[in-house]
Participant: 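One structure, pasted below without further comment.
Counting begins at 1 with the first residue of the sequence.
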Amino acid sequence: MPKPPGVRPFGQRPAITTGPAAAMVALGGVLVGVLLFVVVLNAMGSGSGSNRVGPDLFLLGQATPLAGTVAEEGPLLLPDPLGRGRDVYVNHLGGGDWRTFEVNPPGAPPRCVVRWEPERRVFVDGCGGREYPPDGAGLVAYPTTVDDEGRVVIDLRHPQAPTPSTAAVTSTTAG
């Protein structure tokens with residue numbers, strides 16, 4: 001029985017086209033992929049995202065839904081919003097009281113970061129075991145406000161030196 005045009009026997013592979021035309025198509029695909037990668041990488045590193053509201057100011061988002069998220073899931077851990085290696089926690093303490101502070105204790109190596117322990121409501125230094133209260137006292141902080149439109153704005157221009165905590169700061173390591 002004759003086979004209709006374009007139908008090949010079971011198990012037979014279609015012919016693979018080789019030659020200058022196929023090489024040009026493949027090269028074109030690779031170039032488009034590289035171009036897209038460079039464009040995306042440039043956009044990510046440029047700091048020109050829509051969350052920038054000025055030099056070194058970062059718009060986190062609407063305060064009300066963010067407060068609900070923090071209440072349910074704990075403080076927000078953000079890779080440095082401006083790409084300068086200053087990863088931060090953002091915590092809501094109630095009302096318009098928002099706090100932003102670095103995840104690395106002062107003077108600690110970059111691998112030492114504080115982590116949130118929700119059961120105890122403290123941040124704990126992963127290297128030394130030192131505890132920090134929910135307001136981040138003892139860590140480098142950044143002014144954080146709620147603007148007239150109800151948005152949380154982090155001012156990364158003015159790091160504030162660590163301040164002593166009004167709450168007891170303890171150590172979990174035996175001495």
Side-chain angles (χ1 to χ4, degrees), residues 33 35-173:
L35 180 62
L36 284 173
F37 177 76
V38 168
V39 167
V40 169
L41 191 61
N42 188 37
M44 287 174 52
S46 71
S48 63
S50 62
N51 284 3
R52 296 262 326 254
V53 291
D56 294 341
L57 293 177
F58 182 75
L59 174 62
L60 185 60
Q62 290 295 317
T64 301
L66 287 170
T69 300
V70 171
E72 291 177 19
E73 300 177 21
L76 305 172
L77 176 59
L78 303 177
D80 184 345
L82 302 177
R84 297 184 185 156
R86 301 175 294 185
D87 297 344
V88 296
Y89 274 110
V90 181
N91 202 5
H92 180 241
L93 301 179
D97 192 1
W98 288 85
R99 306 292 174 98
T100 301
F101 41 90
E102 292 185 7
V103 303
N104 299 97
R111 66 178 172 77
C112 295
V113 297
V114 297
R115 68 185 186 289
W116 177 244
E117 290 192 4
E119 307 81 32
R120 297 182 33 227
R121 298 194 46 75
V122 295
F123 291 94
V124 179
D125 175 358
C127 292
R130 183 170 178 190
E131 296 180 356
Y132 299 89
D135 66 1
L139 300 166
V140 174
Y142 296 91
T144 306
T145 58
V146 177
D147 69 9
D148 293 339
E149 296 177 29
R151 303 174 302 183
V152 177
V153 180
I154 304 168
D155 182 350
L156 295 167
R157 295 175 295 190
H158 305 291
Q160 300 171 336
T163 58
S165 173
T166 56
V169 178
T170 61
S171 175
T172 57
T173 58

Participant: Tell me whether Y89 contacts the main-chain N or O of V114 through its side chain, where contact means a donor paired with an acceptor under 3.5 Å.
Facilitator: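 Answer holds: yes.
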Participant: Taking all non-hydrogen atoms of both residues, which atom of D125 and which atom of C112 are closest, and how far apart?
Facilitator: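 Residues D125 and C112, closest heavy atoms: OD1-CB, 3.9 Å.
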Participant: Please answer whether the main-chain N or O of L156 pairs with a side-chain N or O of R86 as donor and acceptor at a distance below 3.5 Å.
Facilitator: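 Flag set: sc R86 to bb L156 pair under 3.5 Å.
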Participant: For Q62 and G150, work out which heavy atoms get closest and say how close.
Facilitator: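 It is OE1-O, 3.3 Å.
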Participant: Are any of the side-chain heavy atoms of V70 and W98 separated by less than 4.5 Å?
Facilitator: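 Yes; the side chains approach each other to less than 4.5 Å.
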Participant: Out of curiosity, D80 CG to F58 CZ, how far, rounded to the nearest 0.5 Å?
Facilitator: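 Output value for this atom pair is 9.5 Å.
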Participant: Which heavy-atom pair separates P143 from H158 by the least distance, and what is that distance?
Facilitator: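 For P143 versus H158, the nearest heavy atoms are CD-O, 3.3 Å.
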Participant: Shortest non-hydrogen contact from P159 to V140?
Facilitator: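 Closest approach of P159 to V140: CB-CG1, 3.9 Å.
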Participant: Taking all atoms of both residues into account, what is the closest heavy-atom pair of V122 and W116, and its distance?
Facilitator: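 Residues V122 and W116, closest heavy atoms: O-CE3, 3.5 Å.
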Participant: Using side-chain contact (heavy atoms from CB on, under 4.5 Å) as the criterion, list what pairs up with L93, not counting sequence neighbours.
Facilitator: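 With sequence neighbours excluded, L93 shows a side-chain contact (heavy atoms from CB on, under 4.5 Å) to N91, D97, R99, P134, D135, given in chain and number order.
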Participant: Taking only residues two or more places apart in sequence, or in another chain, which ones meet D87 in a side chain to side chain donor-acceptor pair (under 3.5 Å)?
Facilitator: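 Listed in chain order: nothing, the list is empty.
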Participant: Contact between P75 and V90 at the side-chain level, heavy atoms closer than 4.5 Å - yes or no?
Facilitator: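 Of all side-chain heavy-atom pairs linking V90 with P75, none is under 4.5 Å.
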Participant: Calculate, to the nearest 0.5 Å, the distance between atoms OG1 and CZ belonging to T145 and R151 respectively.
Facilitator: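 CZ of R151 is found 10.0 Å from OG1 of T145.
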Participant: Taking C-beta and beyond as the side chain, do L139 and P105 meet within less than 4.5 Å on heavy atoms?
Facilitator: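 A side-chain contact under 4.5 Å exists here.
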Participant: Parallel, tilted or perpendicular: which one describes the rings of F123 and F101, with boundaries at 30° and 60°?
Facilitator: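 Because their plane-to-plane angle is over 60°, the rings of F123 and F101 count as perpendicular.
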Participant: Please enumerate all residues that pass side chain to side chain donor-acceptor pair (under 3.5 Å) together with Q160, with sequence neighbours excluded.
Facilitator: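 Once residues adjacent in sequence are excluded, Q160 has no partner under the side chain to side chain donor-acceptor pair (under 3.5 Å) criterion.
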Participant: If we only count heavy atoms from C-beta on, is the L60 to L76 side-chain gap below 4.5 Å?
Facilitator: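 L60 reaches L76 side chain to side chain.
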Participant: V153 and L59: which non-hydrogen atoms are nearest, and at how many Å?
Facilitator: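 Of all heavy-atom pairs spanning V153 and L59, the closest is CG2-CD1, 4.1 Å.
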